Amino acid sequence: MRLLGVIGFLAIAVGIAAGVFFFGGFYNIAATETDPAPVAAALVRVRTASIDHHATDRPPAGFGGPEMVQQGAAAFAARGCANCHGGPGVEWAKFSEGLNPSPPDLNEVGPELAPREVFWVVKNGIRMTGMPSFGAIGVTDDELWKIAAFVKALPQVTPADYAAWTAAKP
Ligand code: HEC
């Protein structure tokens, strides 16, 4: 009985301390603060599991064809993805280095993600990171699949290809 009392008291004390810490303004929300390693690791697992669970749409027929990839490149450039992620032969904008978490190099993470996962992330965004939802601003599924096809094709896209595919059309 006494032990239960102690445990109950401790639980309440921890609750109050956490309340004071977070609502009293002591938690530092600055982007310059890094998460402790266990928190950072947990967040990656939460993100990976959440995307895998929610991304259920299947790629359309012909996904990954050359024309789709080229149109995806043009959409990728026009929608501003390169500002944060960079592109073949294109540097990301300086400000993206101030984002926390920092936008990943899509050349590296692209191959680890299924097409349905790339599509879902770009459509829905990732809360509490800089990754926007492009579905929320009315980008159609058709365009989103093209962007996903381009992201999946990234390792094979040369800077010259990207420059040609994203050049302003007359
Ligand atoms: C304002 C900056 C910003 C823009 C613009 C942006 N992203 Fe991101 N993106 C991020 C950040 C930050 C993350 C990392 C989120 C995280 O660590 O959970 C991310 C993550 C991703 C991921 C990886 C998700 C994963 O599971 O690893 C993909 C794919 C992606 N973005 C694609 C795109 C595409 C395609 C566009 C354009 C349509 C785009 N992003 C535009 C900031 C941006």
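Keep in mind that what you see is a predicted model, and the values were worked out from it rather than measured.
In this structure a side-chain-to-backbone donor-acceptor pair under 3.5 Å is missing from Glu108 to Asp105. Lys152 places no side-chain N or O within donor-acceptor distance of the main-chain N or O of Ala114, the cut-off being under 3.5 Å. Of the possible donor and acceptor atoms, one in the side chain of His54 sits under 3.5 Å from a partner among the backbone N and O of Ser50.
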Show me, pair by pair, the donor-acceptor contacts under 3.5 angstrom made by side chains of residues 64-90, not counting sequence neighbours?
{"unit_1": "Gln71", "atom_1": "OE1", "unit_2": "Lys146", "atom_2": "NZ", "d": "3.0"}
{"unit_1": "Arg79", "atom_1": "NE", "unit_2": "Glu143", "atom_2": "OE2", "d": "2.8"}
{"unit_1": "Arg79", "atom_1": "NH2", "unit_2": "Glu143", "atom_2": "OE1", "d": "3.0"}
{"unit_1": "Arg79", "atom_1": "NH2", "unit_2": "Glu143", "atom_2": "OE2", "d": "3.4"}
{"unit_1": "Asn83", "atom_1": "ND2", "unit_2": "Gly80", "atom_2": "O", "d": "3.4"}
{"unit_1": "His85", "atom_1": "ND1", "unit_2": "Pro104", "atom_2": "O", "d": "2.9"}

List, one per line, each side-chain donor-acceptor pair under 3.5 Å for residues 12-39, sequence neighbours excluded.
{"unit_1": "Asn28", "atom_1": "OD1", "unit_2": "Ala30", "atom_2": "N", "d": "3.0"}
{"unit_1": "Asn28", "atom_1": "ND2", "unit_2": "Glu33", "atom_2": "OE2", "d": "3.3"}

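In this structure the side chain of Phe134 never reaches within 4.5 angstrom of the side chain of Asn124, judged on heavy atoms. Put simply, the side chain of Ser96 does not reach to within 4.5 Å of the side chain of Ser102, judged on heavy atoms.
Listed by chain and number, the residues in a salt bridge (charged side-chain N to carboxylate O under 4.0 Å, His left out) with Asp52 are Arg116 (sequence neighbours excluded). A search for side-chain hydrogen bond (donor to acceptor under 3.5 Å, both in side chains) contacts involving Asp141 returns Lys123, not counting sequence neighbours. Applying the side chain to side chain contact (heavy atoms under 4.5 Å, CB included) criterion to Thr129, with sequence neighbours excluded, gives Pro101, Ile126, Met131. Every residue meeting the side chain to side chain contact (heavy atoms under 4.5 Å, CB included) condition with Gln156, not counting sequence neighbours, appears here in chain and number order: Ala153.
Tracing side-chain contacts under 4.5 Å through hydrophobic residues (I, L, V, M, F, W, Y), one never reaches Leu154 starting from Trp92; they form parts of separate clusters. Linking ILVMFWY residues whenever their side-chain heavy atoms come closer than 4.5 Å, directly or via other members, places Leu144 and Ile137 in the same cluster.
Taking each heavy atom of Thr48 and Val44 in turn, the nearest pair found is OG1-O, 2.6 Å.
Atom-to-atom distance recorded for Ile147:CD1 and Leu106:CG is 11.0 Å, nearest 0.5 angstrom. Atom CH2 in Trp145 sits 12.5 Å away from atom OG1 in Thr140 (nearest 0.5 Å).
Aromatic pair Phe63/Phe119: ring centres not closer than 6.0 Å.
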